[in-house]
Amino acid sequence: EPRAPPDKIAVIGAGIGGTSAAYYLRQKFGKDVKIDLFEKGEVGGRLATLTVLGREYEAGGSVIHPLNLHMKRFVKDLGLSAVQMSGGLIGVYNGESLVFEESQWFIINMIKLIWQYGLQSLRMHMWVEDVLDKFMRIYRYQSHDYAFSSVEKLLHSLGGDDFLRMLNQTLLETLQKAGFSEKFLHEVVAPIMRVNYGQSTNINGFVGAVSMSAVDSGLWAVEGGNKLVCSRLLQASKSNLISGSVIYIEEKTRTKNTGNPTKMYEVVYQIGRETRSDLYDIVLVATPLNRKMSNITFLNFEPPIEEFHQYYQHIVTTLIKGQLNSTIFSSRTLEKFDLSAVLTTDDSDLFINSIGIVSPVRQKDSPPPSTDGTHVWKIFSQETLTKRQISELFLSYDYAVKQSWLAYPHYKPPEKCPSIILHDRLYYLSGIECAASAMEMSAIAAHNAALLAYHRWNGHKDMIDQEDLYEKLKTEL
Ligand SMILES: Cc1cc2nc3c(=O)[nH]c(=O)nc-3n(C[C@H](O)[C@H](O)[C@H](O)COP(=O)(O)OP(=O)(O)OC[C@H]3O[C@@H](n4cnc5c(N)ncnc54)[C@H](O)[C@@H]3O)c2cc1C
Ligand SMILES: CC(C)=CCC/C(C)=C/CC/C(C)=C/CSC[C@H](N)C(=O)O
């Protein structure tokens with residue numbers, strides 16, 4: 001006889017991880033289970049916007065890859081629409097000059113790339129394609145309802161030992177072994193890691209490949225702001241949003257109306273100054289577990305749940321409407337400066353990681369082409385920019401606004417990813433960020449955790465950690 005569904009499930013964190021977990025839990029467990037979603041800040045988490053002179057711009061997670069199929073599916077199923085990112089010309093600055101500059105002519109670009117780096121850029125494209133091809137297997141596994149009990153097992157099922165090796169060595173080592181030149185790694189790969197993850201090529205090889213894929217064509221975003229996906233998922237999941245901060249979780253034994261003593265989880269949370277609690281059959285934690293970001297304690301667990309110490313990279317996003325001082329990067333005056341983004345090399349010694357022109361999240365808010373060289377620029381830096389630094393970067397500016405983030409893990413391979421199963425019915429999603437942090441990674445982790453919770457609840461051992469899934473599913477429709 002199939003087991004009755006759980007009465008109550010708690011999800012902690014209403015970012016893309018938590019809201020998509022609630023959505024998938026509803027799909028698996030059905031309409032009768034009560035799902036509570038706890039959020040101490042804003043729905044969306046690291047998907048958030050900042051307003052510049054009445055228009056909203058993405059301040060956190062901003063671009064989505066065309067092959068990010070969960071995000072694509074959400075947008076389609078939730079009645080949202082996608083906007084294609086219009087890629088302008090990019091340059092790379094090394095502290096003295098622009099070591100690479102894109103041209104608006106495709107053929108000139110190709111000649112430039114080959115002239116400067118031989119066939120490295122084509123080889124890089126093929127390397128990323130190969131990783132993505134294997135990565136895409138996850139969608140087939142999840143559509144057949146298979147789940148994994150650890151991040152390592154999930155990665156192994158996709159790319160075998162190669163993916164685990166990438167996780168355990170630096171991108172630099174991975175690409176050096178694959179024969180890429182020091183010049184290409186320094187002038188092309190490192191600046192891409194700096195703009196995307198605020199780190200060097202010492203990040204792990206897997207997140208390095210994810211980061212390289214984020215320069216593909218076809219990147220998109222959600223019309224109105226990426227965080228809309230979270231609020232729509234929350235609505236569609238018919239969960240109950242509790243705007244409170246979870247402070248601890250404790251295992252408790254309770255006698256349910258069946259008369260049997262049952263192990264449950266007590267979630268204790270604060271709303272303002274008031275402390276409340278509730279009991280749950282299953283709990284999913286969808287926020288990084290460290291003191292600075294979530295500060296959740298696990299009380300009286302046997303065996304005890306380890307403390308998590310994953311260090312997250314501090315990044316500041318600054319949005320400025322103004323006229324760039326292009327002479328920092330090149331001797332050309334603003335009228336002749338046609339780059340819309342400048343990335344930097346690791347040794348550039350500049351106080352920014354990158355700077356680029358951005359468009360508002362609503363297409364109708366897009367300004368007409370600028371006649372005076374004024375644009376809204378997004379700057380990523382390790383620290384908050386001082387007024388003096390802003391004045392160095394801009395000839396003049398009207399408005400500046402910033403947001404500080406503990407943005408993504410500080411990658412330091414070999415990576416030991418945290419467990420997904422923290423306790424019998426207590427699951428942790430955000431550990432997937434140790435492999436790579438991206439919206440799609442959180443959605444994949446959410447789908448996996450919902451499937452895992454469902455199969456473990458129902459004792460479907462054959463749906464968890466199956467080996468050779470790729471071969472097994474080859475013959476299935
Ligand atoms: C500046 C920046 C740029 C990025 N760019 C991209 C990009 O272009 N493309 C891309 O794919 N990804 C990008 N990312 C990464 C992406 O944003 C994240 O990987 C993703 O949003 C993480 O979602 P999440 O739901 O797992 O975590 P979060 O969004 O962090 O959600 C966790 C939620 O839990 C809540 N919470 C924490 N503790 C508690 C508690 N005790 N009680 C209740 N609630 C709690 C938090 O308030 C938060 O809302 C970027 C990230 C940053 C910071
Ligand atoms: C998960 C897979 C296969 C692909 C995701 C690729 C992707 C979109 C990664 C984003 C990585 C990231 C953290 C980017 C941050 S900066 C983004 C953008 N350049 C900006 O300027 O905001």
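What you are looking at is a predicted structure, and each value in this text was computed from that prediction instead of being measured. Note that ligands are numbered from 1 as they come in the structure, with each ligand's atoms numbered from 1 the same way.
Close contacts of ligand 2 with L132, meaning ligand atoms under 4.0 Å from a residue heavy atom, involve 3 (C). Set against the non-hydrogen atoms of V195, the atoms of ligand 2 under 4.0 Å away are 16 (S). Within ligand 2, the atoms closer than 4.0 Å to a non-hydrogen atom of S213 are 4 (C), 6 (C), numbered from 1 in the order shown. Near Y197, meaning under 4.0 Å from any of its heavy atoms, are these atoms of ligand 2: 11 (C), 13 (C). Near F135, meaning under 4.0 Å from any of its heavy atoms, are these atoms of ligand 2: 3 (C).
Of the charged side-chain nitrogens involved, none lies within less than 4.0 Å of a carboxylate oxygen, so that R165 and D161 do not count as a salt-bridged pair. The pair R362-E56 counts as a salt bridge, with a side-chain nitrogen and a carboxylate oxygen less than 4.0 angstrom apart. Comment: K8 does not engage D281 in a salt bridge, judged by the lack of any side-chain N to carboxylate O separation of less than 4.0 angstrom. The existence of a salt bridge linking D278 and R276 is excluded, since no basic side-chain nitrogen approaches an acidic carboxylate oxygen closer than 4.0 Å. Between E58 and K227 there is no salt bridge, since no side-chain nitrogen of the basic residue lies less than 4.0 Å from a carboxylate oxygen of the acidic one.
In terms of protein heavy-atom proximity, atom 8 (O) of ligand 1 is closest to V63 N, 2.8 Å. Given atom 7 (C) of ligand 2, the protein heavy atom at minimum distance is A214 CB, 3.7 Å. Protein heavy atom closest to atom 4 (C) of ligand 1, with residue, atom name and distance, is G61 CA, 3.4 Å. Protein heavy atom nearest atom 34 (O) of ligand 1, with residue, atom name and distance: G13 CA, 3.1 Å. Given atom 44 (N) of ligand 1, the protein heavy atom at minimum distance is K40 N, 3.1 Å. When hydrogens are left out, the protein atom nearest atom 25 (O) of ligand 1 is G17 N, 2.8 Å; that is the closest non-hydrogen contact. Among protein heavy atoms, atom 15 (C) of ligand 1 sits closest to S437 OG, 3.8 Å. From the protein, the heavy atom lying nearest to atom 47 (O) of ligand 1 is E39 OE2, 2.6 Å. Here the heavy atom of the protein found nearest to atom 7 (C) of ligand 1 is S62 N, 3.3 Å.
Closest heavy-atom approach to atom 12 (N) of ligand 1 among the candidates K227, E440, M439: M439. For atom 17 (C) of ligand 2, the candidate residues are S62, A436, A438; the nearest heavy-atom contact is made by S62. When Y408, Y312, Y248, F38 are ranked by how near their heavy atoms come to atom 52 (C) of ligand 1, first place goes to Y408. Residue R46 holds the heavy atom nearest to atom 30 (O) of ligand 1 of all those in E58, E433, R46. Of the candidates N196, V128, L69, N196 brings a heavy atom nearest to atom 14 (C) of ligand 2. In the candidate list G18, A286, A14, A286 is nearest to atom 32 (C) of ligand 1, counting heavy atoms.
Considering backbone and side-chain N/O atoms, K378 comes within less than 3.5 Å of an N/O atom of ligand 2. Considering both main-chain and side-chain atoms, N68 never comes within under 3.5 Å of ligand 2 through any nitrogen or oxygen pair.
If you look at A214 next to ligand 1, there are no close heavy atoms at all, none under 4.0 Å. The parts of A438 lying near ligand 1 are both backbone and side chain, judged by heavy-atom distances below 4.0 Å. Neither the backbone nor the side chain of H65 has any atom closer than 4.0 Å to an atom of ligand 1 (non-hydrogen atoms only). If you look at M441 next to ligand 1, there are no close heavy atoms at all, none under 4.0 Å. With a 4.0 Å heavy-atom cut-off, ligand 1 is reached by no atom of A445. Of all the heavy atoms of E58, none lies under 4.0 Å from any atom of ligand 2, so neither backbone nor side chain is involved. Proximity of L67 to ligand 2, defined as any heavy-atom pair under 4.0 Å, is not found for any part of the residue. Contacts between V246 and ligand 1 below 4.0 angstrom, taking non-hydrogen atoms only, involve backbone and side chain alike.
Ring to ring, Y23 and H447 are not that close: their centroids are 6.0 angstrom or more apart.
Counting heavy atoms from C-beta outward, V229 and I16 have side chains that approach closer than 4.5 Å. Looking only at side-chain heavy atoms (C-beta outward), Y269 and I242 come within less than 4.5 Å of each other. I64 is listed as a side-chain neighbour of W220, based on a closest heavy-atom distance under 4.5 Å.
At least one cation-pi condition fails for R194 and F380: the charged atom is not both under 6.0 angstrom from the six-membered ring centre and inside a 45 degree cone around its axis. By the 6.0 Å and 45° rule, K28 stacks over the aromatic ring of Y454.
The shortest separation from a heavy atom of S211 to ligand 2 is not under 4.0 Å, leaving the residue out of contact.
Put simply, the side chain of E39 gets close to the backbone of G41: a donor and an acceptor are under 3.5 Å apart. The main-chain N or O of P360 is never found under 3.5 Å from a side-chain atom of R55 such that the two would form a donor-acceptor pair. When atom types are taken as modelled, the side chain of N290 and the backbone of Q310 share a donor-acceptor pair closer than 3.5 angstrom.
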